[in-house]
Amino acid sequence: MSSYRAPRGTRDLLPESRAALSRLEGIARSLAVRYGYREMEIPLFEQVSVFERGIGPATDVVEKELFRLTPRTEDSESWALRPEATAGIVRAYVQHGMQTWPQPVKLTVVGSMFRYDRPQAGRYRQFWQWDAETIGDPGPAVDAEVIEMGRRFYAEAGVADVQVLLNSIGDSACRPAYLARLKSYFASHEAELPELERRRLETNPLRLLDSKDPTMTAVVSAAPKISECLCDACEAHFAAVRAHLDAVGVPYRLEPTLVRGLDYYARTAFEYYRRGAEGQQQALGGGGRYDGLVELLGGRPTQAIGFALGLDRVMLALDEAGAQPAREAPPLAVVVGADPADTVSRLRVASLLRGEGLSVRAELAQRKLGRQLETASKEHAHFAVILGDELAEGNVQLKDLEAGTQRLVPLADLAHELARAAKSHHHG
RNA sequence: GUGGCCUUAGCUCAACCGGCAGAGCAGCGGACUGUGGAUCCGCAGGUUACGGGUUCGACCCCCGUAGGCCACCCCA
């Protein structure tokens, strides 16, 4: 047994898992195109300050989960692996002057993110996300469009029981007043608060609403709700988002405790949640409006909304639901030979077929024919091209491994025959 | 970062009270020297996660480390 292993919180995606991820990436890219998003790439790492400003210095993601790279010299820049994509995309938006493009700019990134936290099922230090951002649109219609796109992703991926949780967290006009009210409410109940919750009262009072402490339920349910404290503009925005969701037939559950802690988040906040899951990593994805972020990263005031969907958690959900694993495409044909030593013929014929765009495997191990066919069967190849004495007359045996039939085919016609058969097999 | 449970062959798991580390599947080979998923036979695969300790003797008991899982924190 090797003493080397994948680093903690990472895992190798063996071909079967990689196929499952590729399938999800394919759905994401297809949806992105259908909804008018353009795919881009951003670096896997950025200056630490991009994340500090773009996510928030007081968040757990930055405070304790940032995957920092050690600087090479005393005075060199501090880098960190990206814990999410939004900050980097917005940085790129500002850097490349995308405010001069037709607005809104709709961008998407598919790739892995990194967080240095304690691993668990569905929670990794390297994980995959599909991220989509619409920058330069104040909503509310686009809010509903984004939420609907995410929901369609789960539908097309085949994840059942995904619920949309929805809330409005107000904006700079009404949230400060709400926060003050919330603080004073909990302060008046401080005696009933456990130690952890008392600390939160200082650091992030909104989080109190989300407490999992069972002794808190009474206090929390009586707490003032943001939905009752929205200013007229936010109230109107929220109502319009809901109206648009209703219009496109997206069901949702209003979730008053769904929050985002930082100032530049505004109004719409949503999560995709899986019901009836065993483990607790039930948040499959989430997003919201961040009307202050572009400005914070050096751009002009620009309203924006986006989401990040966790692809690992979708894979987990599909596994647990017993979904059919994504099949890798088997080779159309395997080139085998009666003479185990004649690897030259097998390689030559395989090369010929590959030149015609066909997907074939050459059996180059020097094993007897029976073994070669056995392997071809096990990998679900549709055909075996058998090379033997008839090759001297320019012929091969073309064997249909599913039907068990075979016939003599001139080598000159082989590619054509296989290509035709591939079509009738609706081979993918 | 805090607490708990777990770790035996590539995979799934056995091994009595502390007394010779095993099986199924997968791999490779043979039966079958030009015809496949079955069957039978064989081969290979292990410092029992790693490092210490207790003991005549440790997969088994104790300590530490690593990794996994669960609950928190938080989130995808």
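Within every chain, numbering begins at 1; the chains are lettered A, B, ... in the order of the sequence lines, protein sequences first and strands thereafter. In what follows, every heavy atom counts, from backbone to side chain, and hydrogens, waters and symmetry copies are set aside.
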Original post:
Which nucleotide sits closest to the side chain of A:R5: B:G4, B:A76, B:G67?
Top reply: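 Within the option list, the nearest is B:G67.
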**OP:** Could you work out which one of B:C70, B:A76, B:C69 sits closest to the side chain of A:P119?
**Re:**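 My answer, after comparing the listed nucleotides, is B:C69.
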Can you tell me the Watson-Crick or wobble partner of [N], both distances under 3.5 angstrom?
N: B:U33; result: none
N: B:C5; result: B:G68
N: B:U47; result: none
N: B:C25; result: B:G10

What's the gap between [N] and [M] when it is taken at their [atom1] atoms, as a whole Å value?
N: B:U8; M: B:G45; atom1: C1'; result: 14 Å
N: B:A23; M: B:A44; atom1: P; result: 12 Å
N: B:C56; M: B:A15; atom1: P; result: 27 Å
N: B:G10; M: B:G18; atom1: C1'; result: 30 Å
N: B:G37; M: B:G46; atom1: C1'; result: 31 Å
N: B:C16; M: B:C61; atom1: P; result: 11 Å
N: B:A9; M: B:C43; atom1: C1'; result: 15 Å
N: B:G68; M: B:G29; atom1: P; result: 35 Å

Is the [atom1] atom of [X] crowded by more than 12 outside heavy atoms at less than 6.0 Å?
X: A:R38; atom1: CZ; value: no
X: A:Y185; atom1: OH; value: yes
X: A:E393; atom1: CD; value: yes
X: A:R53; atom1: CZ; value: no

**OP:** For RNA chain B, determine which residues of residues 7-31 of chain A have any heavy atom closer than 4.0 angstrom to one of its atoms, and list them numerically.
**Re:**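 Those residues are A:R8, A:G9.
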Subject >> Ring-face cation of A:R242 near A:F238 (centre distance under 6.0 Å, axis angle within 45°) >> reply: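 Ring-cation test returns yes.
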Subject >> Worked check of side-chain hydrogen bond (donor to acceptor under 3.5 Å, both in side chains) between A:T134 and A:D137 >> reply: CA-CA 7 Å; A:T134 299; A:D137 188 321; over 6 Å; no
Look at all strands and tell whether [X] reaches a base, only sugar-phosphate, or nothing, counting heavy atoms closer than 4.0 Å.
X: A:Y272; answer: nothing
X: A:G388; answer: base
X: A:D389; answer: base
X: A:R367; answer: sugar-phosphate

Original post:
Would a distance-only check, ignoring hydrogens and angles, find a side-chain to backbone donor-acceptor pair under 3.5 Å from A:R346 to A:V336?
Top reply: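 Flag not set: sc A:R346 to bb A:V336 has no pair under 3.5 Å.
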What is the distance, rounded to the nearest whole Å, between atom [atom1] of [X] and atom [atom2] of [N]?
X: A:R407; N: B:G34; atom1: CZ; atom2: P; value: 24 Å
X: A:Y124; N: B:C70; atom1: OH; atom2: C1'; value: 14 Å
X: A:E65; N: B:C72; atom1: CD; atom2: P; value: 16 Å
X: A:L66; N: B:C75; atom1: CG; atom2: C1'; value: 14 Å
X: A:F67; N: B:A76; atom1: CZ; atom2: C1'; value: 16 Å
X: A:R118; N: B:G3; atom1: CZ; atom2: C1'; value: 8 Å
X: A:N395; N: B:G34; atom1: CG; atom2: C1'; value: 16 Å
X: A:R125; N: B:C69; atom1: CZ; atom2: P; value: 11 Å

**OP:** Indicate syn or anti for B:C17, taking the glycosidic torsion and treating anything within 90° of 0 as syn.
**Re:**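 What B:C17 shows is a syn base, its glycosidic angle lying within 90° of 0.
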Restricting to nitrogen or oxygen on both sides, can you table the protein-nucleotides 35-39 of chain B pairs closer than 3.5 Å?
residue: B:U35; atom: O2; partner: A:K399; partner atom: NZ; Å: 2.8
residue: B:U35; atom: O2; partner: A:Q406; partner atom: OE1; Å: 3.2
residue: B:U35; atom: N3; partner: A:Q406; partner atom: OE1; Å: 2.9
residue: B:U35; atom: N3; partner: A:Q406; partner atom: NE2; Å: 3.3
residue: B:U35; atom: O4; partner: A:Q406; partner atom: NE2; Å: 3.0
residue: B:G36; atom: O2'; partner: A:S377; partner atom: OG; Å: 3.4
residue: B:G36; atom: N7; partner: A:K399; partner atom: NZ; Å: 3.3
residue: B:G36; atom: N1; partner: A:L401; partner atom: O; Å: 2.3
residue: B:G36; atom: N2; partner: A:S377; partner atom: OG; Å: 3.1
residue: B:G36; atom: N2; partner: A:L401; partner atom: O; Å: 2.6
residue: B:G36; atom: N3; partner: A:S377; partner atom: OG; Å: 2.4
residue: B:G37; atom: N1; partner: A:S377; partner atom: O; Å: 3.3
residue: B:G37; atom: N2; partner: A:S377; partner atom: O; Å: 2.7
residue: B:G37; atom: N2; partner: A:H380; partner atom: NE2; Å: 3.0

Original post:
Any Lys/Arg nitrogen of A:R151 or A:E148 sitting under 4.0 Å from an Asp/Glu carboxylate oxygen of the other?
Top reply: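 Salt bridge absent between A:R151 and A:E148.
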Original post:
Are A:E417 and A:R420 ion-paired here, with the side-chain N under 4.0 Å from a carboxylate O?
Top reply: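 Here A:E417 pairs with A:R420 in a salt bridge, since their nearest N and O are under 4.0 Å apart.
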Subject >> Residues A:E25, A:R18; criterion salt bridge (Lys or Arg N to Asp or Glu O under 4.0 Å); working and verdict >> reply: CA-CA 10 Å; A:E25 289 173 330; A:R18 176 64 252 197; 2.3 Å; yes
Original post:
Which residues satisfy the salt bridge (Lys or Arg N to Asp or Glu O under 4.0 Å) test with A:R354, sequence neighbours excluded?
Top reply: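 Here no residue qualifies.
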Original post:
Want to settle it: does A:L387 or A:L311 sit nearer the 5' end of RNA chain B, counting the closest nucleotide to each?
Top reply: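 Taking each residue's closest nucleotide, the earlier one in sequence belongs to A:L387.
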Subject >> Check: A:D143 and A:H244 side chains under 4.5 Å, non-hydrogen atoms >> reply: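 No, too far: nothing below the 4.5 Å cut-off.
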